[in-house]
Amino acid sequence: MPILLGDRIPGVKMSAELRNRIPSIIKVCKEEGLDPFDLVYDVFPYDEIAEIVAYDGFPVRYPHYKFGEAYEDMARGQEYGFQKVYELVVNSNPCYVYLLENNTLVDQITVVVHALAHSDFFKNNIFFARTNRNMLNEMASHGSRIRRYCRRFGRERVTKFLDCILSISHHIDPKLLWSSKKYEDLKIHDEIEHIEPKRLRVESDSDYMESFLNPEEFLEEQRRKMQKKDENRKWPEKPQRDILGFLMRYAPLRQWQKDVIGMIREESYYFLPQAMTKIINEGWASYWDSYMLSQKGMAEDEGIVDYAIHKAGTLGGKYSSNPYKLGFLLLQYAEECYNKGRVAGTVHPEWNMRWEDCKDRQQREEWDLKWNRGRQKLFEIRKNYNDALLILEFMTQDFCDKYEYFRWALNDDGEYVIVTRDAEKIKEELLARIDNRGLPVINLVNANGMNKGHLILEHVWTGKQLNDKMAELTLQRLFRIWKRPIAIRTRDDDDEDAYYVVCEDEKELTIYGEEEYIDEFS
Amino acid sequence: MPRRVEEDREEYRKIIRGELHKELKELIRTGRLLGRRDRKGRFIIPIPSIDIPNFRFGKRESGIGRGKGKRGDVIGRKQASPKDGDQAGDQPGDHSLVAVDLDEVLSILQEQLNLPNIEPKRNEKFTVDQYKYTGIKKTGPDSLRHMRRTMRETMLRLIELGEYDEEDPLLIPIPEDMRYKCWKIVKKPINNAVIFFARDYSGSITKERREIISDCCWWMDQWIRKFYKKTETVYVGHDTEAKLLDQEKFYGFTSGGGTYISSAFNLIQEQIDLVYDPDIWNIYIFYFSDLENWGNDDKKVIDIMTKNLSIINLYGIVGILSYNDEDETLIGEIKKEEKLKKSARVRTYFLRDADDKMRIIKQMLGRRLGHYED
């Protein structure tokens, strides 16, 4: 049974009508196969919702002005009337759903279904398998710890350090999402170990075999090799993508600072799956609310117009590529494909032709094998896919043509121009934005660069240049954490040669070519 | 429920305010500030976005969208929204727009220029009556009935009689319970100001000079206005003759012709005599010119100024980008005159560099260093 709150704030009430309908709505959804966590529904006025949204759903988080800014933006958005938040769902067990008061009944019902589908997604999608379902408590604990540090060391000092960490907060390793080794220690090679090469042994008392089994010159060679390897050993041995984790362990910081890094890192890991599944998650929720309201008749006759308005608000907009809409359309398209058997590799029994070979427009339109496996496929998608996988598989030329997607670019006159409608090109653009949340991938390759403790980062080149100004500011902040020079190896759009940007103190940055850098510091 | 976000919001505003200080100085100096107001009359000030820096890519120059159109169709322009939902906001060097109301801007101006609060003339002769509700009495009109006190009396009476029932606290006041607010008349000194802005509109006042004048007038007007209940402004322009102008003309109008500064001061004198009784009005006079006066006219101005010094709150004489030597203009003459030189009510400033225009305001309304007689 869901828990219904909504009398806790004076003057804010969940209407009796809604209160009575929620249990039956949930029942119908579960019959359709949705499997959410236990739900807690609560009603709030706009400014409270805005506050919760500003804190990403956790009103108990650590103090930082960025939440104040987010709140201010929301407040302004409401003032000018271009922003509306209908609901907010938190990935936790039980699942908290915050509803906005004064929504119409149909809005509320939509939102109840929508939120339920989100919760189902959180519970069942594989990318969320390892997320902490008790994050609310965890966040509260982070909040109180950081507040304590604020009291002890001064808020300004803590905020300043938080700023530094937040600058690099997304440098975590997505591979570790499923790993329990998130906290495994890296081996430190701070002294040359005396390693002996392995000797062959035979069960024998006779020592005379020794010089034949393990000839001295061979051993000597092995020893030399190992020594050389040891000298060239890097630290860390493999490039690290989890820069936060590395700094937490090895940066010269005080205990509270390490604790702060640990907390921010944990929150980053918690939010990462949500960033990876934004499109599909919203699509899934929109798919269900539209199915429930328009096809299962929950909106009733007079409500359907309200519902249409609601949907126009969330999914509408000319030229809009809003992720809600993209996800929704992709899922609809996927369902259609699997209902009609329009899947690569399938052979049409009458025409004796594979789907991908069928080029005739008329035939493609008429292709219907009556599979009716659409719903089943959607549940598979909900379980196993993230945004990138969904787009890779279903953003086909058919899809782009049907929904009129295009790719635009800025030309020299400052105009945005449609460049192409080729699905591959559109996909490329979209994936570039989704991959690593559209941010550059940066690896930590050496923490003892030039044997002088330089922290050497490498920008994994994908053909796009870093924003200089922002990189500069970030390097300066990194310097404050590492307290030794920071170097990043990157490239320019037009120039093929890699170069290093080095931050040697908090103010100045210098750019060196690859060899110059080695000359300068070795 | 105390709201946690208020704390963070306050912190954010503190940062914004720090940024504002930096921006505002620049904006006031260049005069760009005045143009941008929102519906509520607040200033729209762009400040550098305070978002947290991270490693990110440079400008995004492509994206995807949806809709009809063929290859090569223009769907938007830079600056004007590119019509792509998630385009805006993540660009480097982005500015966030902050709405600030006039009071906030003025308080920053005050901090920046170290302006003292303006004190009206001490004036006991003319006062206005003000009603202040201070007491309670037993009779009065219903509109002034004090509900809480009345109910309290009822309650007290019922308790005294032993009729008050906690379970069913029904209070019915009878006429003896009624309490009414009563007022006292307080005499307050009159708090009016008139500001005379006078300028030379002879041919030598170019567009650049005009802009400086209009900016300064606007700021001084707003500043003085802050301290008075009622403020009027009078605009005067002159060449060899002075005229009363409306605001628009005052800021825009230029004619040819010569210059008699005394004509403007005579006109102001006339206005004071006819309309603005110095006993009732605080009088501020600001005069802007390049100070290319003709003939022996400076002397006449000095005479008028000296004569009126006791009834005027402030004389401000500003020479703007003049080619003359400071000592040979009206300002030089003022400095020679002992009485005017020593008075804190006479302020002069000789502007040499257009970038210094905020100095005018500081000089006119700021603190005076050294010893001056009032």
Side-chain angles (χ1 to χ4, degrees), chain A residues 9 51 54-55 59-60 63-69 71-72 155 159 163 166-171 317-323 325 403-410 414-421 426 429-430 433 438-440 442 459 464-471 473-474 477 488 493, chain B residues 1 3-16 18 38-40 42 48-87 89-94 96-99:
Chain A
I9 301 168
E51 175 178 347
Y55 284 110
V60 289
H64 192 270
Y65 63 82
K66 71 166 179 172
F67 303 124
E69 183 183 17
Y71 180 78
E72 195 96 328
R155 174 153 186 172
T159 305
D163 280 351
L166 289 173
S167 258
I168 51 167
S169 64
H170 56 268
H171 291 289
K318 201 186 168 197
Y319 292 128
S320 154
S321 66
N322 110 24
K325 180 129 197 174
Y403 295 108
E404 301 179 319
Y405 274 93
F406 59 78
R407 178 171 169 172
W408 55 260
L410 187 68
E415 288 168 336
Y416 294 95
V417 177
I418 298 177
V419 211
T420 179
R421 287 186 178 275
I426 295 171
E429 172 74 31
L430 206 52
R433 279 208 233 167
L439 293 167
I442 298 205
H459 167 210
K464 277 195 271 179
Q465 197 180 336
L466 291 183
N467 176 327
D468 294 341
K469 183 74 199 145
M470 285 295 155
L473 291 170
T474 315
R477 289 180 170 203
I488 182 164
D493 264 349
Chain B
M1 190 163 79
R3 304 270 306 280
R4 185 158 285 175
V5 76
E6 288 304 330
E7 192 187 321
D8 289 334
R9 202 178 181 188
E10 204 44 54
E11 200 75 2
Y12 168 69
R13 285 193 171 150
K14 242 194 269 171
I15 294 171
I16 290 284
D38 71 358
R39 276 179 311 187
K40 292 180 184 169
R42 294 179 303 189
S49 176
I50 58 159
D51 68 341
I52 295 161
N54 53 11
F55 290 118
R56 61 179 82 161
F57 292 121
K59 279 202 181 74
R60 183 197 292 163
E61 293 186 340
S62 64
I64 66 156
R66 240 166 63 81
K68 292 199 189 319
K70 56 181 189 303
R71 236 185 101 191
D73 280 3
V74 177
I75 53 164
R77 293 195 67 83
K78 215 173 175 179
Q79 247 91 54
S81 113
K83 299 193 180 170
D84 184 33
D86 47 7
Q87 164 76 7
D90 55 359
Q91 305 258 317
D94 224 2
S96 11
L97 298 177
V98 180

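All values reported here derive from a predicted model rather than from experimental measurement. All chains are named by letter (A, B, ...) in the order of the sequence lines, taking the proteins before the strands, and each is independently numbered beginning at 1.
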* Structure fact -> Applying a strict 4.5 Å limit to non-hydrogen atoms, the region of A:P63 in contact with chain B is both
* Asked: Is there a side-chain contact between B:R56 and A:K464, using heavy atoms and a 4.5 Å cut-off?
  -> no
* Asked: If you round to the nearest 0.5 Å, how far is CZ of B:F57 from NE2 of A:H459?
  -> 4.5 Å
* Asked: Does B:I52 reach the side chain of A:R477, with side-chain heavy atoms less than 4.5 Å apart?
  -> yes
* Does A:S167 use its side chain to pair, donor to acceptor, with the backbone of B:N54 at less than 3.5 Å? -> no
* To do: Go through the steps to decide whether A:Y416 and B:V74 satisfy the test side chain to side chain contact (heavy atoms under 4.5 Å, CB included), and finish with yes or no.
  => CA-CA 6 Å; A:Y416 294 95; B:V74 177; 5.9 Å; no
* N/O donor-acceptor pair under 3.5 Å between B:D8 side chain and A:H64 backbone -> yes
* Asked: Just how far is it from atom OH of A:Y65 to atom NZ of B:K14, taken to the nearest 0.5 Å?
  -> 12.5 Å
* At a heavy-atom separation under 4.5 Å, does A:K66 approach chain B through its side chain, its backbone, both, or neither? -> side chain
* Asked: Does a side-chain N-to-carboxylate-O contact under 4.0 Å join B:R9 and A:E69?
  -> no
* To do: Quick one: which of A:V419, A:T420, A:L473, A:L430 has the most heavy-atom pairs under 4.5 Å with chain B, could you say?
  => A:V419
* Could you look at A:I426 and say if it's the side chain, the backbone, both or neither that has a heavy atom under 4.5 Å from chain B? => both
* **Heavy-atom proximity to chain B below 4.5 Å, by part of A:R421** => side chain
* **Pair A:H170 + B:F55: ring centers closer than 6.0 Å** => no
* Asked: Taking the side chain as C-beta and beyond, is there a heavy-atom pair between A:W408 and B:I64 under 4.5 Å?
  -> no
